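These notes concern the structure reproduced below.
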Amino acid sequence: MFGLFGRSTVRNLSAQEVAAELAADRAILVDVREPAETARERIPGAVLMPLSAFDPAELPDPAGREVVFSCASGIRSVKASEMAQAAGLPYKSHLAGGLQAWKSAGLPVES
């Protein structure tokens, strides 16, 4: 839908890369899963913005940090990045493999 006709660029970040960026306060994580999903489990500190109501204009000011999108498996996070880019925002990063990859890496979740 958004693909920008080949002009969008979405950068895949591993769970370990995202964890390191979050720990160093160089990134802000935006979880685009739906409320029922985030109620079960989520990555600590993630900003919740469901894709079903996603509006790039509503994204929080990253205050110089990189915006990284996440979802369950990495599909919706790519779409959110493309939507942000289509709105003129330079947010090109997502958590490849989503929450599944995060948990597989042994990283913490909260409920």
Side-chain angles (χ1 to χ4, degrees):
M1 170 163 76
F2 286 90
L4 296 175
F5 307 100
R7 293 177 294 173
S8 71
T9 303
V10 180
R11 192 175 103 184
N12 294 322
L13 297 177
S14 71
Q16 294 84 353
E17 289 172 313
V18 173
E21 292 300 298
L22 291 171
D25 199 30
R26 291 188 300 254
I28 181 171
L29 189 64
V30 177
D31 188 336
V32 296
R33 294 176 305 134
E34 298 303 312
E37 295 172 281
T38 59
R40 285 190 299 270
E41 59 186 354
R42 62 192 164 275
I43 297 171
V47 175
L48 308 178
M49 292 189 71
L51 191 62
S52 63
F54 186 77
D55 179 355
E58 300 288 323
L59 286 163
D61 179 358
R65 297 172 290 174
E66 180 177 15
V67 172
V68 179
F69 296 100
S70 70
C71 63
S73 65
I75 295 170
R76 289 175 285 178
S77 56
V78 167
K79 187 176 286 188
S81 179
E82 290 177 340
M83 291 170 72
Q85 290 176 60
L89 299 169
Y91 304 153
K92 302 178 186 292
S93 298
H94 88 115
L95 171 57
L99 184 63
Q100 293 172 3
W102 183 268
K103 292 188 327 184
S104 291
L107 294 164
V109 295
E110 62 185 18
S111 53

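We're numbering straight along the sequence, starting at 1. Since the model is a prediction, treat every value here as computed from it, not as a measurement.
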Donor-acceptor pair, side chain of Ser77 and main chain of Ala96, under 3.5 angstrom: no
Leu107-Val109 co-clustered via ILVMFWY side chain contacts under 4.5 Å: yes
Shortest non-hydrogen separation from Arg76 to Ala72 and the atoms involved: NH2-CB, 3.6 Å
Gap separating the CD atom of Glu66 from the OH atom of Tyr91, nearest 0.5 angstrom: 11.0 Å
Same cluster (ILVMFWY, side-chain, under 4.5 Å), Val32 and Leu99: no
Rounded distance [0.5 Å steps], CG in Leu95 versus OG in Ser73: 10.0 Å
Salt bridge (Lys or Arg N to Asp or Glu O under 4.0 Å) between Arg65 and Glu21, worked out: CA-CA 9 Å; Arg65 297 172 290 174; Glu21 292 300 298; over 6 Å; no
Trp102 side-chain N/O to Pro108 backbone N/O, donor-acceptor pair under 3.5 Å: yes
Heavy-atom check, side chain of Met49 versus side chain of Asp55, under 4.5 Å: no
Met83 and Leu51: CA distance, side-chain angles, deciding distance, side-chain contact (heavy atoms from CB on, under 4.5 Å) verdict: CA-CA 10 Å; Met83 291 170 72; Leu51 191 62; 3.8 Å; yes
Closest heavy-atom pair and its distance - Val67, Pro62: CG2-CB, 3.7 Å
Point-to-point distance, once rounded to the nearest 0.5 Å, from CG of Leu22 to CD1 of Ile43: 7.5 Å
Interatomic spacing from SG in Cys71 to CD in Glu34 - rounded to 0.5 Å: 11.0 Å
CA sep, side-chain torsions, deciding dist, call: Lys103, Glu41, side-chain contact (heavy atoms from CB on, under 4.5 Å): CA-CA 10 Å; Lys103 292 188 327 184; Glu41 59 186 354; 2.7 Å; yes
Side chains of Val68 and Val30 in contact at under 4.5 Å (non-hydrogen atoms): no
Euclidean distance, Ser111 OG relative to Arg40 CZ, rounded to 0.5 Å: 11.5 Å
Flag side-chain contact, heavy atom, 4.5 Å: His94 against Leu13: no
Any side-chain heavy-atom pair of Ile28 and Val47 under 4.5 Å: yes
Any side-chain heavy-atom pair of Arg33 and Pro50 under 4.5 Å: no
Distance in Å, Thr9 OG1 paired with Glu82 CD, rounded so as to fall on 0.5 Å steps: 9.5 Å
pair Thr38-Asp31: side-chain heavy atoms closer than 4.5 Å: yes
Test item: Phe69 and Leu29 side chains (from C-beta on) under 4.5 Å apart, heavy atoms: no
